Protein chains: 2
Amino acid sequence: MTTKTSERQFLERYRPERFARPSLTVDLVILTVVDKELRVLLVQRAEHPFKGRWALPGGFVRVGESADHQGEDLDEAAARELQEETGLSNIYLEQVRTFGKPGRDPRMRVVSVVYFALVRPSLVPLVRSGGDAARARWYGATDTPPLAFDHADMLAAAIARLRADLDRTGIAFQLVPETFTVQELRTAHEAIRAQALDPGNFRKRFLRMIDDGVIEPARGKRATASKPAHVYRFTVEREVES
Amino acid sequence: MTTKTSERQFLERYRPERFARPSLTVDLVILTVVDKELRVLLVQRAEHPFKGRWALPGGFVRVGESADHQGEDLDEAAARELQEETGLSNIYLEQVRTFGKPGRDPRMRVVSVVYFALVRPSLVPLVRSGGDAARARWYGATDTPPLAFDHADMLAAAIARLRADLDRTGIAFQLVPETFTVQELRTAHEAIRAQALDPGNFRKRFLRMIDDGVIEPARGKRATASKPAHVYRFTVEREVES
DNA sequence: GTAATAGTGTCTTTTAGACAATATTTC
DNA sequence: GAAATATTGTCTAAAAGACACTATTAC
């Protein structure tokens, strides 16, 4: 540890423009619920380092060189990467946290802003593998192969955030179809919490959300193997990336 | 918007090393509770841009140029800046969110990782103004002068995070002395929520935390203007920056 | 009819909140 | 004793959870 004085000297000796700058990336934790399970989209790295390992999709933020053209926003970079990797647009994205431990990329200092994306199950079949990565695959979110870099930490942080938001926000609505049954929403909650919920008790919470104007009945029913269920719609306008 | 193809060409034409890189800073939302009010430490800018305006303390992350010496961690940069600006060390710090909108600094592309710090009221008198900034002052967290850059957004995000964590974590323990009375903890909650809480009802929650082993009685009492109160201690080890 | 799921109801426990009452200390 | 705060207690309402029961549809 340097002393206070030398630190201040350091600061005064260097002009801001002369501080070394890190590379900046966004990494995406793309989540969905399929077969009552929370799943994450991973890509297999085609290049060193960690060649052949599975990793979160991501890429460099486009940074402009001049004061007038500074490049794209972080949210924009996340949406663009998502589009490039999956072909999907208009998907719920939320910033999780930024990872910047020195040495996390052996080549150079790379700071990465992590986002999670919530993909409705109905869109999953439309996902097509893009980008440079050789392959893309959905894995159980808590059952992945070893991940490249510090991507396991990123995944854990994204899931923790999702769980923390679950009972506080309407985030689960991003993981069901536009119109959904009580069971479908319950299944999303169960997948996120990795825990079964009582159907009767969950329905009570559901009805309360109707009373609160969060959910409203929609037209039609959902055909099942037995008694068809009513479908509902999320009332509040969703915040989606444009 | 470019097409998918040209975006891919873009990616392939550029080696990672050749992407432009942003400047990287940390900005600190340093909070405390004084006189039953949540307060934030602001510094007055001595340089352009926004010369003379009040701003959050912060500074550049030290980034190494080589693969072997990549510089300091983000958490480390936040702790160092806090030490430089206030003289305090061993303070609770938590990453909030990263701000990187192009144009947020008119000089160049600057991406800033925001942390909040929680300073126990007992430490407030020890805070001394450091760094380059001419002056530092505590302001009511919701009653600040106009702030430089996008610092008002940062402050709002930090307060929102603090409020969201309040009932979910033991974060309020960072804003009371090491041993504290029921009232002191209640006052911290009231300041964060900007709302009065019933003393009797709060005590019930407090007793429940004792049952849960979160809080334990400590030796001594707190002298007041009337009946002295018992003091307690947070049981769980605190996570503090080293 | 049978299987399967939708949907309703009951009971208990926990928690939040409003609010009254009592206890203990300083001055 | 008066003021001030600590501390306890009561009552109500909202919510979570366990669990039994009824209704409706596909087959």
Side-chain angles (χ1 to χ4, degrees), chain A residues 33 35-36 121 163-170 172 176-177 179-233, chain B residues 33 35-36 121 163-170 172 176-177 179-233:
Chain A
V33 172
D35 291 342
K36 302 173 181 249
R163 285 182 180 157
D165 284 356
L166 182 61
D167 291 319
R168 222 169 40 79
T169 72
V176 291
T179 66
F180 51 87
T181 65
V182 179
Q183 186 196 174
E184 285 166 346
L185 189 65
R186 174 166 54 84
T187 299
H189 277 253
E190 289 175 334
I192 294 170
R193 298 177 44 171
Q195 183 197 9
L197 296 172
D198 180 90
N201 293 336
F202 188 84
R203 168 172 281 268
K204 270 191 299 192
R205 287 177 55 184
F206 196 96
L207 295 179
R208 214 176 302 135
M209 287 191 274
I210 296 176
D211 284 345
D212 295 345
V214 178
I215 295 170
E216 60 189 15
R219 302 186 64 79
K221 301 202 168 200
R222 182 79 82 242
T224 69
S226 66
K227 177 178 174 182
H230 281 288
V231 296
Y232 301 84
R233 168 191 310 123
Chain B
V33 172
D35 292 341
K36 301 175 182 247
R163 285 182 180 156
D165 284 356
L166 182 61
D167 291 320
R168 221 169 40 78
T169 72
V176 292
T179 66
F180 49 88
T181 65
V182 179
Q183 186 196 173
E184 285 166 347
L185 189 65
R186 174 166 53 84
T187 299
H189 277 252
E190 289 175 335
I192 293 171
R193 297 177 43 171
Q195 184 197 6
L197 296 172
D198 180 271
N201 293 336
F202 188 84
R203 166 172 282 268
K204 269 190 300 192
R205 285 177 56 185
F206 196 96
L207 295 178
R208 216 176 302 134
M209 286 191 275
I210 295 177
D211 284 345
D212 295 345
V214 178
I215 295 171
E216 61 188 15
R219 302 186 64 78
K221 301 203 167 199
R222 183 80 82 240
T224 69
S226 66
K227 176 178 174 182
H230 281 289
V231 297
Y232 300 84
R233 167 191 309 123

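Here is the naming used below: chain letters follow the sequence lines, and residue numbers restart at 1 for every chain. The shown structure was predicted, so the numbers you read here are calculated from the model rather than taken from an experiment.
In this structure, CZ of A:R222 is placed 14 Å from C1' of C:dA6, rounded to the nearest angstrom. Straight-line distance from the NZ atom of B:K227 to the P atom of C:dT25: 7 Å, rounded to whole Å. When rounded to the nearest whole Å, the span between CG of A:L207 and C1' of C:dG9 equals 12 Å. Rounded to whole angstrom, the span from the CG atom of B:D211 across to the P atom of C:dT14 amounts to 11 Å.
Checked for salt-bridge contact, B:D167 and A:R168 miss the test: no charged N lies under 4.0 Å from a carboxylate O.
Side-chain contact between A:R186 and A:H189: absent, with no pair of heavy atoms (C-beta onward) separated by less than 4.5 Å. Side-chain contact between A:M209 and A:D212 is absent, with no heavy atoms from C-beta onward closer than 4.5 Å. Side-chain atoms of A:V214 and A:R208, non-hydrogen and from C-beta on, never get closer than 4.5 Å to each other. Looking at heavy atoms from C-beta onward, B:K221 lies in side-chain contact with B:H230 at the 4.5 angstrom threshold. Looking only at side-chain heavy atoms (C-beta outward), B:E184 and B:T187 stay at 4.5 Å or farther from each other.
One distance of note links CD of B:Q183 with NZ of B:K36; it measures 5.5 Å at 0.5 Å rounding. Separating the CG atom in A:L197 from the CZ atom in A:F202 is a distance of 6.5 Å, to the nearest 0.5 Å. Between the CZ atom of A:F206 and the CG atom of A:L185 there is a distance of 6.0 Å, given to the nearest 0.5 Å.
Put simply, B:R205 has no side-chain N or O that comes within less than 4.0 Å of OP1 or OP2 on C:dT15.
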Nucleotide N/O to protein N/O under 3.5 Å, stretch nucleotides 18-21 of chain C:
unit_1	atom_1	unit_2	atom_2	d
C:dA18	N7	B:N201	OD1	3.4
C:dA18	N7	B:N201	ND2	2.8
C:dA18	N6	B:N201	OD1	3.1
C:dC19	N4	B:D198	OD1	3.2

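Along DNA chain D, read 5' to 3', the first and last nucleotides having any atom under 4.0 Å from a heavy atom of chain B are D:dA4 to D:dT10.
Of the possible donor and acceptor atoms, one in the side chain of A:R222 sits under 3.5 Å from a partner among the backbone N and O of A:T179. When atom types are taken as modelled, the side chain of B:R163 and the backbone of B:I192 share a donor-acceptor pair closer than 3.5 angstrom.
Nearest nucleotide to the side chain of B:R208, out of C:dT15, C:dT24, C:dA6: C:dT15.
Non-hydrogen atoms lying under 4.0 Å from DNA chain D are contributed by nothing in residues 184-197 of chain B.
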